[in-house]
Structures are given as structure tokens and as C-alpha cells.
Number of protein chains: 2
Amino acid sequence: MFSIGQLSRRTGVKVPTIRYYEGLGLIVPEGRTEGNQRRYDKAGLDRLAFIRHARALGLPLEAIRELIMLDPTSHADTHRIATTHLADVRKRIARLRQLEAELARIVQSCDGGPGHECDILAALGDHGKCDGAH
Amino acid sequence: MFSIGQLSRRTGVKVPTIRYYEGLGLIVPEGRTEGNQRRYDKAGLDRLAFIRHARALGLPLEAIRELIMLDPTSHADTHRIATTHLADVRKRIARLRQLEAELARIVQSCDGGPGHECDILAALGDHGKCDGAH
DNA sequence: CTTGAACCTCTAGCGACTAGAGAGATTACA
DNA sequence: TGTAATCTCTCTAGTCGCTAGAGGTTCAAG
């Protein structure tokens, strides 16, 4: 049996966050003490480790809830959620790479030295020079 | 003179968002009509276009506020803000690429077909197989 | 039995908006 | 000039994934 603090220390998830997850129905303590404090068993520990790892991978809590709720033998659903998230991550990477290219271009337009024409502000205000992706 | 709706249509920034920006002090209408409606001039339009483009590049509103407030001839500050943001974007890309690699590995561990051992749930719960970056 | 740490619930805040209520202003057209 | 349609006003609350704090209770060690 673990207290919420022990669970927190073992998983690296902060105490208020665990309670927050409980509010969302993602994890429920096995029981309570007479004094109303939460007590967890090994299953609770595993569940929280699962949530934490999935979060570290960037899955939104809603997707994690789906993973928890669905039939663990249903490969199709599991696969769908993971694949969707992978596609999402790839989209975000693509977008960030565009931003990176444009920002790099803007920063290079000025060497930061004094007495030099600085184009950064103008470049930020002027959409015309961009690829038009945004 | 533009109404808030005209400004919205010309810049692609939604009306409530313009008012939200005003609450943060990023843009102020040139004046108001007798009936208390906002009216903007060309400077307001340019200012909003600037904000929109900077946002599209991912700059947080706080950074945009800095850019607006600072002396436009001060290259150093401008350069610093843009460079900081570029570094931030690069960090986020690096992190997402790690996630992508791991997710791809996890998804590949299961072909989604029936009657097949699916490792996705196990892989999500088990941090041990990861590079340990998260 | 006392102390101090850990725990409880509840509320509010972050960033960057978005949605909606309910009321008032403006504009286009007849 | 009237009226109807559209626009705008302020205000509040919701989104996501937490985090921080107030004010009070319980637990475990010495």
C-alpha cells in the first residue's frame, strides 16, 4: 500500500497532478484510510507509470484515457491511437522546421552590430517575404 | 478608419482576439465612435499585422510585447529576442524528433493484425526500453 | 503525547485564445 | 425616416495540463 506521496516519489508525478488525474478518472486509489487519505496498490503504481510515460511521449490526456478504457486485446484501437499521435507529432515537426528556416533567415538578415540596418522588425511585420505557409 | 471587424478581415485575426490583445496592451484603437465602438487607423492595421506574423512564427505574446516596446533602432535587443526564440524552436524540434523515433518504434512493434501479440500498451507502460530522455 | 511532515479539499492562476449571453450601435435599403 | 440586418459592446466561462496557495486534518516517529 502506498500513500500519494510515495506514489509521487516512485513515478515522478507530482502529488497535485495525481489528484488532478483522479479528477479526470484516469486513476483511482484502491481505498482510503480512516482519516480519508488515499491508498494505492501495485496496480495504481503501474497505472500511473503508464500515464506518465504516455504523457512524456506527448499523448494528450484524452488519448491516454482512451487507451486505458479500451479493451487491451483490441489491437486495432491501440494501433489507431498511437498512429494518429505519430502523425500528429510529424505534423508538428514539419511546421516547426518551417518556422526554424524562416526565423533563421530573419535573424541572419541582421548581424546585430551597431550602425547597421536591422531588418528583423521589418521582416517580422512583413509577411510578403515568407513562403506563405502561415 | 477601420472598425474592429474590418481590421479582423484584413489581418485574419479574430475580433475577440483583437480585443484580447488590447487587454494586454499590445494594440490600442486610435479612438472610439460616439457609440463606443473602436476605430483604427493604418498604424493599428500595421501593428496587428506585425503581431499576427510574429505569432505565426511562434513567438509568445510576451516576446511580441517586448519587440513592440523596445527602441526600434536597438538592434541588440531585437536580435536577442529573435535568437532566443530560434534556439527555443530548435529545442522543441529536437525533442519532438526523439518522440517521433520512439513512437515509430512502438507502433512498428505491432502490425495491427488480429491474432497477433500487440506490444503497444506494454511499450507505453514500460519506460525501460526507451533512451531515457524523458 | 507531541511534533512535524504529509495529507485533505477548494480555489485561482498560467498562455492564448474561443464561445456565448444579452444589450447597444451602425449601416443599407425602401 | 423607418426598420431590419449586421456589427459591436462588455462580461463571464471554458479549453489543456497542470501548478500554487489557503486553511485545515491525519499520520508516523521519537
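Order of the sequence lines fixes the chain letters, A, B, ..., with proteins taken first and strands second; residue numbering starts at 1 for each chain.
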Phosphate OP1/OP2 of [N]: any [X] side-chain N/O under 4.0 Å:
{"X": "B:Y21", "N": "C:dA16", "answer": "no"}
{"X": "B:R38", "N": "D:dT10", "answer": "yes"}
{"X": "B:T17", "N": "C:dT18", "answer": "yes"}
{"X": "B:R32", "N": "D:dT10", "answer": "yes"}

Point-to-point distance, once rounded to the nearest 0.5 Å, from [atom1] of [X] to [atom2] of [Y]:
{"X": "A:R39", "Y": "A:Q6", "atom1": "CZ", "atom2": "CD", "result": "7.5 Å"}
{"X": "B:D46", "Y": "B:D41", "atom1": "CG", "atom2": "CG", "result": "9.0 Å"}
{"X": "A:I51", "Y": "A:T17", "atom1": "CD1", "atom2": "OG1", "result": "11.0 Å"}
{"X": "A:L99", "Y": "B:R92", "atom1": "CG", "atom2": "CZ", "result": "7.5 Å"}

So which nucleotide from [options] ends up closest to the side chain of [X]?
{"X": "A:R55", "options": "C:dT9, D:dC18, D:dT8", "result": "D:dC18"}
{"X": "A:L61", "options": "D:dC18, D:dC9, C:dC8", "result": "D:dC18"}
{"X": "A:Q37", "options": "C:dT26, D:dC27, D:dC9", "result": "D:dC27"}
{"X": "A:P60", "options": "D:dG17, D:dT19, C:dC8", "result": "D:dG17"}
{"X": "A:T33", "options": "D:dC18, D:dC27, C:dC8", "result": "D:dC27"}
{"X": "A:N36", "options": "C:dT9, C:dC17, C:dG24", "result": "C:dT9"}
{"X": "A:I4", "options": "D:dA28, C:dC8, D:dC9", "result": "C:dC8"}

Separation of [N] [atom2] from [X] [atom1] (nearest whole Å):
{"X": "A:Q6", "N": "C:dA6", "atom1": "CD", "atom2": "P", "value": "11 Å"}
{"X": "A:R10", "N": "C:dA6", "atom1": "CZ", "atom2": "P", "value": "16 Å"}
{"X": "A:E62", "N": "D:dC18", "atom1": "CD", "atom2": "C1'", "value": "16 Å"}
{"X": "B:I18", "N": "C:dA19", "atom1": "CD1", "atom2": "P", "value": "15 Å"}
{"X": "A:L24", "N": "D:dT19", "atom1": "CG", "atom2": "P", "value": "13 Å"}
{"X": "B:E22", "N": "D:dC11", "atom1": "CD", "atom2": "C1'", "value": "15 Å"}
{"X": "A:Y20", "N": "C:dG13", "atom1": "OH", "atom2": "P", "value": "17 Å"}
{"X": "B:I27", "N": "C:dC17", "atom1": "CD1", "atom2": "C1'", "value": "16 Å"}

### Task
Could you tell me whether B:D88 and B:K91 have a side-chain N and a carboxylate O separated by less than 4.0 Å?
no

### Query
Does B:R97 pair with B:E100 as a salt bridge, N-O distance under 4.0 Å?
no

### Query
Counting any heavy atom closer than 4.0 Å, what does A:R19 reach on the DNA or RNA strands: base, sugar-phosphate only, or nothing?
base

### Query
If you pin A:G35 and B:Y40 to their nearest nucleotides in DNA chain D, which one's is more 5'?
B:Y40

